[in-house]
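To start, the structure itself, in structure tokens.
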Amino acid sequence: MADTVKITIDDIEHEVPAGMNLIDAAKLCGVDIPVFCYHPKLGHDGNCRMCLVELGLPRKNRETGEMELAWFPKLETACTQKTCEGMAIRTTTERVTDARRAVLEFLLSSHPLDCPICDKGGECPLQNLTMAHGPGTSRMYWEDRMHLGKHVALGELIFLDQERCIHCARCIRFQEKIALDPVLGFDMRGRKQQIVTSSTPGFNSIFSGNTTDICPVGALTTADFRFNARPWEMVQVATICSHCPVGCNMSFDTRTDRLAGGRTTIRRVMPRQNEAVNEIWICDKGRFARHYMEHEERLTTPLVRKGGMLVEATWEEAIREVAAQLKAAGPNIGAVAGGRLSNEDLYALQKLIRGQGSGDLSAYLPNATGGEIAARFGVGVGTNLKYLGAGDAIVVVASDLHEEAPIWWLRAAAAARRGAELIVISGRETRLDVEASQSIRCAYGAEVATLNAMLGSLPKTAVKAGESLDGMAEAIVHAKEFTADAALKAAAKTIAGAGNAVIFVGSEGLTGEASRELAQASANLLAATGHVGRANNGLIIVWPSANGQGAADMGFDPGFGPGYQPVDKPGRSYGDIFAALADDVIKVLVIAGADPVYDDLTAEESIRKTKGFIVVQEMFLTETAKLADVVLPVQSAAECEGTYTSGERRVQRFYPAVEPLGESLPAWLITQRIGEVLGQGAPSVSAAVLLAEIGRNVPQYAGITCQTLAKVEEQFPDVGGEDLYYGGTSFQNVRGLGVQWPTLAEQVDAPLSVAPAQAGEVLEPADGEMIVVPVTLVYDTEALFFKTQLLHQRVPLPHIGLNPADAGRLDMVDGDLVSLTIDDHRVAAAAYLDERVPSGVVTIPRRLQTQGAPLFATTAPVVKLEKVEA
Amino acid sequence: MIKEAFGKGVAILEGLGTVFKHVFEKPVTVQFPEEFKPFAERFKGRHELKRYENGLEKCIGCALCAAACPADAIWVEAEENTDEERYSPGERYAKTYEINMLRCIFCGYCEDACPTEAIVLEKHYELSFTDRRDAIYTKEMLLVPPPEGQEDTPRKVEPGSFDRSIPVMEDPK
């Protein structure tokens with residue numbers, strides 16, 4: 001604590017960090033200064049006047065030349081002050097309490113006082129501060145209060161109550177400073193001042209729900225929670241978001257519901273504070289896309305195909321059937337597991353399949369691989385993107401973070417605004433380019449070459465840090481074969497010179513092999529420049545699903561067993577598994593938590609062709625489940641417990657919030673019951689016991705238990721603690737921050753090595769062909785996500801992104817039907833002209849077209865489809 | 001001796017006097033259920049959910065009664081009013097309102113907590129059940145019928161006519 005200063009609060013001297021916001025500093029000293037507009041994440045605005053204090057600063061007496069404390073004649077707002085030596089404030093004098101009372105009387109002059117029906121009532125800063133500091137009565141005329149809209153839709157997700165609004169501008173500032181979607185603003189002045197949205201559709205931001213959390217009154221409410229429950233009635237259950245690899249800490253606020261037959265139901269989803277992961281934010285997908293968990297179409301009994309039809313069966317029957325098929329197939333079995341499964345589910349499944357002698361295990365989507373590289377060169381323990389700023393570098397390669405991992409986008413953009421160098425390397429322009437200090441466009445397929453060229457361009461002095469690593473010399477020699485232009489050289493220099501550097505490794509358009517090479521190339525660059533093995537340095541893989549890292553850790557990779565232990569006989573990759581299935585080499589395929597028939601152009605054909613036996617573990621009768629021989633109903637993440645491993649390798653636990661639906665079981669238990677019939681031993685007693693088993697068998701997870709996952713630390717700034725100023729108790733994290741497991745690079749004398757990253761082929765479209773790139777959208781028609789009616793308006797119509805120049809060449813305008821033919825599959829959708837799509841490339845959103853999309857970038861003939869007359 | 005006997009005789013006569021006095025008094029027995037006993041002014045019996053004079057429900061589903069209830073006897077679930085289907089003034093109404101009369105201790109805290117004076121402990125006390133489930137009084141059982149000539153809820157109303165949930169307060173005197 002080198003730079004601390006002494007300040008005096010209410011005649012008591014305290015030592016606090018220098019230059020800190022006075023409100024935060026006072027809070028550190030245990031003095032609460034009430035606020036409405038100030039928020040530690042948003043900074044000061046000074047508009048609510050609630051934080052008025054008496055302020056004194058040291059001043060030189062002109063006569064005596066001595067320093068003395070000079071008090072300001074009027075009260076000052078504490079939120080606009082930074083701590084400095086000798087500063088003194090008084091927060092309890094009569095002037096201050098009078099001022100607070102007056103401010104509250106003024107704020108309440110038009111407030112409707114409909115606390116009994118207000119959704120914020122019970123966790124409302126205005127309510128709490130009025131009770132603590134406010135007047136008992138008002139001197140205003142009741143008739144003079146403004147009568148304004150109580151139900152103004154700012155969009156279909158967020159509603160504004162204009163009467164309750166106290167114009168603190170927290171929502172506006174959040175949208176401008178943090179979400180970077182400046183779609184809210186003030187209209188008019190004085191008493192007529194109102195919040196308005198300027199976008200179409202209204203409040204067009206994927207972070208809109210956060211404004212309701214930070215709103216200090218009940219002015220902003222979500223469509224999801226309007227009049228849904230009172231805050232004190234709900235029980236908060238800690239959970240982890242299962243939609244993307246960020247692993248946001250959330251809580252399900254639950255309550256029993258008569259209308260749901262007395263079941264416990266989830267009433268809302270709130271963020272839990274974890275400064276290292278999501279701070280206090282979550283995206284709207286995480287907040288609202290939870291309705292699948294209680295959807296009426298959920299499967300509640302096992303289904304077994306009899307006479308060509310899927311009919312309801314008992315668990316015993318279904319499990320016996322699956323076990324018999326597995327037994328008959330011997331080692332000719334495989335499994336494809338989606339990244340929504342917990343570590344326990346994945347571990348049990350791989351144990352079942354490997355126990356039968358097969359290594360054909362693939363994670364789904366199969367684009368992202370390289371978990372073993374993340375295990376060696378991933379970001380160090382204690383990494384917090386919040387601490388990246390001036391002098392640091394963040395590289396995002398082959399990923400559209402805004403769509404794939406919204407909170408990482410938010411935090412990367414915030415780091416860039418703090419002064420970090422943000423380098424975006426991708427085939428097309430994305431939203432992050434706006435914030436980037438350097439945008440590098442490379443051809444699809446040339447990502448590895450680009451990173452290699454960057455490494456090759458570095459002078460010997462810049463790569464000194466990685467010299468001693470095994471294989472680094474070869475990697476650098478290999479990298480020198482690639483030529484770097486001035487932009488790449490500059491980018492490489494930035495990374496080499498950065499204090500801290502993090503690379504987000506995406507997989508847009510990449511095959512599994514290519515993304516492994518890309519991770520390797522990223523690791524080489526980081527290791528060479530010394531950016532591995534410590535906090536805030538290393539690579540993060542942007543997995544296409546929540547538990548992609550966990551799936552890789554559990555051995556859902558053809559080349560590795562659990563914990564990246566070598567295997568005797570490598571298994572088949574995703575494509576080979578389906579090819580083998582079509583050829584009836586694989587006789588039983590278990591598909592868990594994945595819907596390849598819907599997402600993948602080619603999987604359906606293999607499944608329809610095969611004589612093999614398809615087992616699907618799912619919550620819904622998905623397109624894949626419809627073709628299965630046995631469908632086993634699994635519990636959603638709200639019903640069972642387990643752990644997810646985020647892209648930053650943080651293992652985090654989620655807890656059961658509601659009762660299981662019907663006869664559904666946790667996926668791991670189903671798998672282990674099948675294993676029991678096959679003689680693999682009795683199922684675990686609980687997911688926690690299974691986690692302990694993982695700890696014994698997966699080296700990285702050694703020591704990770706429910707106890708360590710439940711540890712909490714004090715978060716700074718503490719939002720949602722006892723004081724309730726900032727936005728309700730829901731923010732407080734009491735059920736654990738998770739454990740980030742260390743990389744190999746952090747261990748002393750670890751056998752660490754790098755290898756040259758092999759650049760793949762750049763796609764060369766033939767005449768009449770274009771490069772087709774599957775891209776990920778945050779809102780799509782995925783079976784789970786699309787069950788949330790609330791967000792349907794935000795899901796774009798099926799479209800194919802096309803550069804206007806290409807469209808001109810094809811004689812097309814926006815909205816014309818465009819058709820692609822990929823391996824005899826025709827995909828047609830409306831053309832969406834977008835200048836950000838490079839010429840010669842079409843983008844096709846994954847899980848939006850009913851015909852499916854290719855899994856990897858490919859080339860295909862693109863033609864305009866004449867409108868078919870109905 | 002005589003004096004003593006005389007004294008006892010007087011005592012007997014006094015006792016008999018009391019007996020005969022009561023013989024000619026009006027009996028206190030109430031012929032329930034044909035007859036009802038008069039209530040004390042502050043008697044707290046079974047609850048009623050009141051309505052406004054225009055027939056709209058006073059209850060806005062705020063669940064403050066449930067929060068105040070020391071016996072956890074009240075269960076409220078709220079929904080949003082629309083002008084097409086209006087139950088109460090303002091945006092919120094009670095979709096579910098239940099009181100478990102076996103749990104209720106008739107303390108009247110719910111009445112105190114109610115911001116719209118919707119729940120009132122009335123004089124009914126005939127609460128007997130043959131099944132514990134029957135002890136749960138639903139909203140239909142608690143809600144009083146609409147006043148003479150007024151339509152029942154839900155009803156369709158002119159947009160904007162009932163957009164405030166809390167009765168208009170007067171200026172502080």
Side-chain angles (χ1 to χ4, degrees), chain A residues 105 108-123 127 135-153 159-164 218 221-234 255-265 267, chain B residues 57-69 72 74-84 86-100 110 112-119 133 136-140 159-173:
Chain A
E105 187 178 11
L108 293 172
S109 68
S110 241
H111 198 77
L113 297 184
D114 56 358
C115 306
I117 66 154
C118 179
D119 284 329
K120 203 84 174 184
E123 54 178 18
Q127 216 176 24
T137 54
S138 175
R139 294 169 292 175
M140 310 288 171
Y141 289 115
W142 181 261
E143 291 78 30
D144 275 1
R145 52 190 48 212
M146 302 287 283
H147 282 292
L148 300 160
K150 306 267 310 163
H151 192 168
V152 181
F159 290 92
L160 168 68
D161 187 320
Q162 295 178 323
E163 285 185 354
R164 292 181 192 151
T221 48
T222 65
D224 202 27
F225 185 60
R226 261 178 96 76
F227 310 125
N228 215 337
R230 305 313 308 260
W232 59 83
E233 294 174 339
M234 293 182 288
R255 195 195 70 177
T256 40
D257 193 28
R258 166 70 73 237
L259 303 175
R263 265 176 65 84
T264 306
T265 51
R267 312 308 292 185
Chain B
E57 295 163 20
K58 280 187 171 179
C59 178
I60 50 171
C62 71
L64 288 175
C65 48
C69 183
D72 205 3
I74 308 182
W75 183 253
V76 185
E77 280 166 19
E79 282 270 310
E80 187 164 3
N81 272 317
T82 58
D83 288 323
E84 299 294 313
R86 183 162 289 285
Y87 291 83
S88 63
E91 298 163 277
R92 184 180 185 125
Y93 75 96
K95 177 109 177 166
T96 309
Y97 195 105
E98 294 176 350
I99 301 180
N100 186 341
C110 47
D112 288 354
C114 186
T116 56
E117 299 174 351
I119 186 111
R133 262 171 243 213
I136 296 172
Y137 274 55
T138 60
K139 189 181 165 191
E140 293 73 42
S161 45
F162 296 106
D163 57 354
R164 294 293 177 288
S165 54
I166 308 292
V168 172
M169 294 180 210
E170 289 173 9
D171 278 328
K173 300 271 167 3

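Convention: sequence-line order gives letters A, B, ...; per-chain numbering from 1. Every value quoted in this text rests on a predicted model; they were computed, and no experiment measured them.
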Looking only at heavy atoms, what is the nearest atom pair of [X] and [Y], with distance?
{"X": "A/Pro116", "Y": "B/Cys62", "answer": "O-CB, 2.8 Å"}
{"X": "B/Ala67", "Y": "A/Trp232", "answer": "CB-NE1, 3.4 Å"}
{"X": "B/Lys95", "Y": "A/Leu259", "answer": "CG-CD1, 3.8 Å"}

Heavy-atom proximity to chain B below 4.5 Å, by part of A/Asn228: neither
Using non-hydrogen atoms and a 4.5 Å limit, figure out which bit of A/Asp144 sits close to chain B: side chain, backbone, both or neither. neither
Could you tell me which of B/Gly61, B/Gly90, B/Ala63 has the largest number of non-hydrogen atom pairs under 4.5 Å with chain A? B/Ala63
pair B/Glu77-A/Arg255: side-chain heavy atoms closer than 4.5 Å: yes
Is any side-chain heavy atom of A/Asp119 closer than 4.5 Å to a side-chain heavy atom of B/Arg92? yes
Roughly how far, to the nearest 0.5 Å, is the [atom2] atom of [Y] from the [atom1] atom of [X]?
{"X": "A/Ile117", "Y": "B/Tyr93", "atom1": "CD1", "atom2": "OH", "value": "13.5 Å"}
{"X": "A/His151", "Y": "B/Glu91", "atom1": "NE2", "atom2": "CD", "value": "7.0 Å"}
{"X": "A/Arg258", "Y": "B/Tyr97", "atom1": "CZ", "atom2": "OH", "value": "14.0 Å"}

With no hydrogens and no angle check, is any side-chain donor or acceptor of A/Arg230 less than 3.5 Å from a backbone partner on B/Leu64? no
Thinking salt bridges, do B/Glu80 and A/Arg226 make one under a 4.0 Å N-O criterion? yes
